[in-house]
There are 2 protein chains.
Amino acid sequence: MTTQLDDRAYRIGEVADLVGITTRTIRYYEELGLLGADRARSKGAHRQYTDADVGRLQELIRLRDLLGLTLDELTALAEAEEARAELRQRWQSDPSDDERRRILDASIPLVERQLALVRARQRTLADFGEELESKLRRLRRHRRELAD
Amino acid sequence: MTTQLDDRAYRIGEVADLVGITTRTIRYYEELGLLGADRARSKGAHRQYTDADVGRLQELIRLRDLLGLTLDELTALAEAEEARAELRQRWQSDPSDDERRRILDASIPLVERQLALVRARQRTLADFGEELESKLRRLRRHRRELAD
DNA sequence: TCGCTACTTAACGTAAACGTAAGGTAGCAG
DNA sequence: CTGCTACCTTACGTTTACGTTAAGTAGCGA
């Protein structure tokens, strides 16, 4: 059902193209701690990304674009998720049930917070939309009353 | 039904408080042509605003905050409305039916454009929300399957 | 192994959207 | 008429979120 994931390693340029941003933005986000600022990498070596990373970045960009979150706010939201991504590594290797539970118990409230933000914005937008609708109805009614 | 309008003259500080922004922002918007950059005013005199201005500014701020429109985009949207506000002056004084029709015919497509922007954003947000929902459902299902 | 291309770090530059400070004035209360 | 306060203009400063350039290197195909 979901789009096929390749599970290969991406280089920064590919990631940028996939997500629709520039490599500069990716490095900048890493600088801010938004994106695998931790991952060890021998000095000068190319950055490597998984498709989990790509999905994560895509989510961040959408939160930025759709909700207008600042990078500080994104960082706050993502800090917890960073731990989650770290934990996900272990998911593959040592999936003890106890470990899995801890991972899920950390992930769920995170997605819940994102969803809450989206829902809140949807409500304010709905309010604004209704105001515009009724304004439009008033204008149109006036216009009809002045039929040419 | 709508909140009572006072129909008095506001000074810039009052407007700022009402709308929840600073006076600097209002002057800056005027500088950009977003807000009565045209209205004549003897040099050094205080700016005067009507409650129509307040409503207009409030709408602009919401478009900025909810849709993340840049001030350039806001300007594009508002340019037409500027003419409208100018025309509205005449509405009070000389409301010939022909004039009214022209005003309405200019106003309606404007509000329609704003509404279209709001609706579009609502849709993308709804999509994002649903993705987050299904992600959340997957996580919760996993969690249940690992009942402690 | 050569060579090309996309990567690396470091540093300075920039556009948007205001903040802030200085020196002066309008306008209203008393 | 006197003050006081909120306004005025001008101008430089600041933050955010990257863009751009420079000088060098990693990694892969031929």
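Only a predicted model underlies this, so the values are computations on that prediction, with no experimental measurement involved. Just so we're on the same page: letters track the sequence lines, and every chain starts at 1. Atoms considered below: every heavy atom in the structure, side chains included; atoms not considered: hydrogens, waters and symmetry mates.
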Is any side-chain N of the basic residue among A:R119 and A:E112 closer than 4.0 Å to the acidic one's carboxylate O?
no
Atom CD1 of A:I26 and atom C1' of C:dT8 are separated, to the nearest Å, by 14 Å
**Report entry** Side-chain (A:R121) to main-chain (B:L66) donor-acceptor, under 3.5 angstrom
**Finding:** yes
Please output the side-chain donor-acceptor pairs of residues 23-33 of chain A that fall under 3.5 Å, not counting sequence neighbours, one pair per line with the distance.
residue : atom : partner : partner atom : Å
A:T25   : OG1  : A:T22   : OG1          : 3.2
A:Y29   : OH   : A:R64   : NH1          : 3.1
A:E30   : OE1  : A:R47   : NE           : 2.8

Rounded to whole Å, CG of B:L57 lies from P of C:dC18 at a distance of 11 Å
Atom CD of B:E30 and atom C1' of C:dC18 are separated, to the nearest Å, by 15 Å
A:E145 meets the salt bridge (charged side-chain N to carboxylate O under 4.0 Å, His left out) criterion, sequence neighbours left out, with A:R141
With sugar-phosphate taken as primed atoms, P, OP1 and OP2 and all else as base, the protein-contact string of nucleotides 3-24 of chain D at under 4.0 Å (heavy atoms; B, S, -) is ----SSB-------BBBB----
Looking at B:E59 and B:R56, is any side-chain nitrogen of the basic one under 4.0 Å from a carboxylate oxygen of the acidic one?
no
**Message:** I'd like to check A:E14 versus A:Y49 (side-chain heavy atoms, cut-off strictly below 4.5 Å). Are they in contact?
**Reply:** no
A:R8 atom CZ is separated from D:dC28 atom C1', nearest whole Å, by 14 Å
